[in-house]
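What follows is a set of notes on a single structure, which appears directly below.
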Protein chains: 2
Amino acid sequence: MSDVVLEPVATAQSLSQRLFETLRGEIVEGRLVAGSKISEPELARRFNASRGSLREALMRLEALGLIERRVNLGARVVTLSRRDLLELYDVREALEGMACRLAAANRSDTDLQALCHLLARHEQQQELQAGTAYFQPEGGFDFHFRIVQASNNSLLIDTLCNQLYYRVRMYRYQLGMVSARAQSAFREHRHIIEAIQAQDGELAELLMRRHICASRNNIENKLR
Amino acid sequence: MSDVVLEPVATAQSLSQRLFETLRGEIVEGRLVAGSKISEPELARRFNASRGSLREALMRLEALGLIERRVNLGARVVTLSRRDLLELYDVREALEGMACRLAAANRSDTDLQALCHLLARHEQQQELQAGTAYFQPEGGFDFHFRIVQASNNSLLIDTLCNQLYYRVRMYRYQLGMVSARAQSAFREHRHIIEAIQAQDGELAELLMRRHICASRNNIENKLR
DNA sequence: TTGTTTTAAATTGTCGACACATTAAAGTTT
DNA sequence: AAACTTTAATGTGTCGACAATTTAAAACAA
C-alpha cells in the first residue's frame with residue numbers, strides 16, 4: 001500500500017473532491033476490492049489527507065451506492081450480486097429507452113454526427129479485431145454515453161452517466177465481461193441510430209429496450 | 001432563527017445522519033428556501049453541531065441534488081426550473097412505467113392487498129372532499145410509493161423513493177400543487193392496479209406512462 | 001483445550017482551530 | 001461623486017485531537 005498520487009482531474013478543485021473521484025475510480029476498476037473493508041486512517045495516510053476530508057468523500061461514495069457504511073462499524077466496498085446486476089439492467093432498459101425516445105425528438109445535428117462517427121469507428125475496430133471487439137471492460141460503452149447525452153435531459157444524463165454507469169463499469173471489471181454479442185450488438189446500435197436519425201422516437205425506444213433486454217438475457221444465461 | 005430540535009428519526013444513529021435527514025426535510029418542505037445561501041457556521045450553531053458533521057450532511061445533500069456547492073463559494077438550495085420539472089416527469093414516466101411492469105410480474109399478495117386498501121381509502125376521501133381530494137402537497141403520493149415498492153427491484157425503489165421523490169415533493173411544496181385531475185387521476189390509479197392484479201405487465205406499464213404523461217401535460221399547460 | 005471476562009488497541013464520530021479565499025467596508029485618487 | 005485600492009471581516013477547506021464504541025488480545029475459569 002504505497003503512496004498514491006491523486007490524478008489531477010480537470011474539475012478537481014478541492015481535496016475531498018479529488019479523493020472522491022480517485023476512490024470512485026479505484027472502486028470501479030476493482031483496485032479497492034468489492035466487499036473489502038475501508039479503513040479511514042489507512043486511506044487518509046495513503047493519500048496524505050486528513051480523516052475529515054476523506055470522510056466527506058466517503059459520504060458521497062455512499063450516496064453513489066459504491067460503498068456501504070454502518071454506524072460505528074465503518075465502510076465496505078459494496079458487493080454486487082447477480083440479482084443487483086439484473087436489477088440494473090431493468091432500470092437501464094427503462095432509462096435508456098426513454099433517452100432514445102428523447103434523443104430522437106431533441107437531437108441536435110452535432111449529436112447525430114457524433115453518433116455516426118462513433119459507429120464508424122466501432123465498425124473499423126469490428127473489422128480489425130473480428131469478433132473480439134468490445135473486448136475491454138469499457139468496450140462499446142461510449143455509445144450508450146452519447147445516446148444519453150443526445151437526450152438533452154439533464155436529469156436523465158446525471159442519473160445514468162454520473163450514477164448508474166459507475167456501477168455498470170464496476171460489474172464489467174468484476175466479471176471481466178467480454179460481450180459475446182459483439183456483432184449483434186453492433187448491428188443493434190446501428191439500427192438505433194437510424195431510428196434516431198429518422199426522428200422516430202417510438203422505434204428508437206423500442207430498439208434500445210430490446211438491445212438492453214437481449215444483453216440482459218445473455219448475461220442471465222452466462223450466470224448459471 | 002431559533003434553535004431546532006432534531007427530529008428523532010428512527011433510523012438516525014449518528015449526528016451527521018440526523019442533520020442530513022433534518023435538512024433534507026427542511027429543503028423539501030421549503031423551510032430552507034430554494035435559492036437561498038447555506039451558511040455553514042450559522043447552520044452549525046443552529047443545530048449545536050460542529051461544522052465537520054454539518055459538512056458531511058451537506059455532501060450527501062449535494063449528491064441528492066437538493067443543494068449545489070461551489071468551491072470556496074458555499075452551498076445554495078437548488079432552484080428548480082420549469083424545465084427541471086418537465087425533465088423529472090420524463091424520468092418518472094420511464095422508471096415508474098418499468099415499476100408497474102415489474103410489479104405486475106413480481107407482486108406479492110400482500111403488495112396487492114395493500115394497493116387495494118390504499119385505493120379504497122382514497123375513494124373514501126374522494127367522496128368526502130368531492131373534488132378537493134389530493135389537496136395536500138403530498139396528496140395521493142403514497143400510491144406511487146406503493147407501486148414502486150411492489151416492483152421488488154431494490155435499485156428502482158432506491159432511485160425513486162430515496163432520490164427522485166424528494167425532488168417531486170419539493171416541487172409540490174413550492175408550487176402548492178393542487179392536482180385539478182383528482183378524479184381522473186383516481187380512475188387511472190384504479191386501472192393501473194387492475195392491470196397489476198391481472199399480472200398484465202405490458203398494460204400496467206402503458207397505463208402508468210399515460211398517467212404520468214397526462215399529469216405532465218396538465219402541469220405544462222398550467223405553467224404558461 | 002474450550003469458553004468466558006478483562007484489558008488493551010484500534011477505529012469511528014465529533015469537535016475546535018488554523019490557513020486561505022472571498023466578500024464587504026473603508027479609504028484613497030481622479 | 002465615481003471608480004479603483006486597500007483593509008477588515010466573514011466563510012470555506014483542511015487538519016489534528018479527544019471521547020465513545022468496537023474489535024482484538026490477554027488473562028482467567030471450567
Side-chain angles (χ1 to χ4, degrees), chain A residues 1 3-24 26-27 32-33 35-64 66-78, chain B residues 1 3-24 26-27 32-33 35-64 66-78:
Chain A
M1 291 293 171
D3 286 22
V4 171
V5 177
L6 294 183
E7 300 141 21
V9 186
T11 60
Q13 311 88 335
S14 74
L15 174 57
S16 73
Q17 179 147 346
R18 267 173 309 183
L19 284 170
F20 166 66
E21 294 174 4
T22 303
L23 289 173
R24 187 181 58 189
E26 299 230 339
I27 292 174
L32 249 56
V33 186
S36 63
K37 185 165 189 319
I38 289 181
S39 163
E40 292 182 4
E42 177 193 328
L43 268 190
R45 276 196 307 274
R46 204 171 127 211
F47 292 110
N48 286 99
S50 74
R51 270 185 57 229
S53 299
L54 178 74
R55 281 173 62 91
E56 290 185 2
L58 292 184
M59 298 296 153
R60 299 204 248 183
L61 289 173
E62 183 187 19
L64 251 193
L66 293 186
I67 68 173
E68 288 173 342
R69 282 178 3 106
R70 275 159 48 181
V71 186
N72 283 325
L73 289 181
R76 306 189 85 88
V77 180
V78 293
Chain B
M1 292 292 171
D3 287 22
V4 171
V5 178
L6 294 183
E7 299 140 23
V9 185
T11 60
Q13 311 87 335
S14 74
L15 174 58
S16 73
Q17 178 148 346
R18 267 173 308 182
L19 285 170
F20 166 66
E21 293 174 4
T22 303
L23 288 173
R24 186 180 59 190
E26 299 229 340
I27 293 174
L32 250 56
V33 185
S36 63
K37 185 165 191 315
I38 289 181
S39 164
E40 292 182 5
E42 177 193 327
L43 267 190
R45 275 196 307 273
R46 202 170 129 213
F47 292 111
N48 285 99
S50 74
R51 271 185 57 228
S53 299
L54 178 74
R55 280 173 63 90
E56 290 185 2
L58 292 184
M59 298 296 155
R60 298 205 250 184
L61 288 173
E62 185 187 19
L64 251 193
L66 293 186
I67 69 173
E68 287 173 343
R69 283 177 3 107
R70 275 159 48 180
V71 186
N72 282 323
L73 289 181
R76 305 189 85 88
V77 180
V78 293

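Hydrogens, waters and symmetry mates play no part in the numbers below; they use all other heavy atoms, side chains included. Order of the sequence lines fixes the chain letters, A, B, ..., with proteins taken first and strands second; residue numbering starts at 1 for each chain.
Closest heavy-atom contact between A:Gly74 and A:Lys37: CA-NZ, 4.2 Å. Nearest heavy-atom pair across A:Glu40 and A:Leu54 is O-CD2, 3.3 Å. A:Leu58 and A:Ile38 get closest at one heavy-atom pair: CD2-CG2, 4.4 Å. Between B:Gly35 and B:Arg76 the shortest heavy-atom distance is O-NE, 3.1 Å. Across all their heavy atoms, B:Ser53 and B:Ser16 have their closest contact at O-CB, 3.6 Å. Pairing each heavy atom of B:Leu66 with each of B:Arg24, the nearest pair is CD1-CG, 3.7 Å.
Checked against side-chain contact (heavy atoms from CB on, under 4.5 Å), B:Val33 has the following partners two or more places apart in sequence or in another chain: B:Ser36. For A:Glu68, there are no side chain to side chain donor-acceptor pair (under 3.5 Å) partners two or more places apart in sequence or in a different chain. Applying the salt bridge (charged side-chain N to carboxylate O under 4.0 Å, His left out) rule to A:Arg60 yields the partners B:Glu62; only residues at least two apart in sequence or on another chain are considered.
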Taking only nitrogen or oxygen atoms into account, show me every contact under 3.5 Å that the protein makes with nucleotides 14-18 of chain C, one pair per line with its distance.
from	atom 1	to	atom 2	distance (Å)
C:dT14	OP1	B:Leu15	N	2.3
C:dT14	OP2	B:Ser16	N	3.4
C:dC15	OP2	B:Ser50	N	2.9
C:dC15	OP2	B:Ser50	OG	3.2
C:dC15	OP2	B:Ser53	OG	3.3

Table of protein N/O atoms under 3.5 Å from nucleotides 20-25 of chain D N/O atoms:
none

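Protein atom CZ of A:Phe47 is 15 Å distant from nucleotide atom P of D:dT14, rounded to whole Å. In this structure, CZ of B:Arg46 is placed 18 Å from C1' of D:dG11, rounded to the nearest angstrom. With rounding to whole Å, B:Arg45 atom CZ is found 11 Å from D:dG11 atom C1'. In this structure, B:Met59 places its CE atom 11 Å from P of D:dT12, rounding to the nearest Å. Note: CG (A:Leu54) to C1' (D:dT14) measures 13 Å, nearest angstrom. Here D:dG11 presents its C1' atom at 13 Å from CG of B:Leu43, a figure rounded to the nearest Å.
Contact between the side-chain N/O atoms of A:Arg69 and the OP1/OP2 oxygens of C:dT12 is not found at any separation under 4.0 Å. Between A:Lys37 and C:dT12, a side-chain N or O to OP1/OP2 separation shorter than 4.0 Å is present.
Within the 4.5 Å cutoff, the side chain of B:Leu43 has no heavy atoms near those of the B:Leu19 side chain.
Nucleic acid contact for A:Ile38: sugar-phosphate only, since backbone atoms but no base atoms lie under 4.0 Å from a heavy atom of the residue.
For the helix from C:dG3-D:dC28 to C:dT30-D:dA1, the terminal axes (five pairs an end, C1' atoms, rotation from four pairs onto the next four) enclose an angle of 10°, given to 10 degrees.
Taken from OG1 in A:Thr22 to CD in A:Gln17, the straight-line distance is 10.5 Å, to the nearest 0.5 Å.
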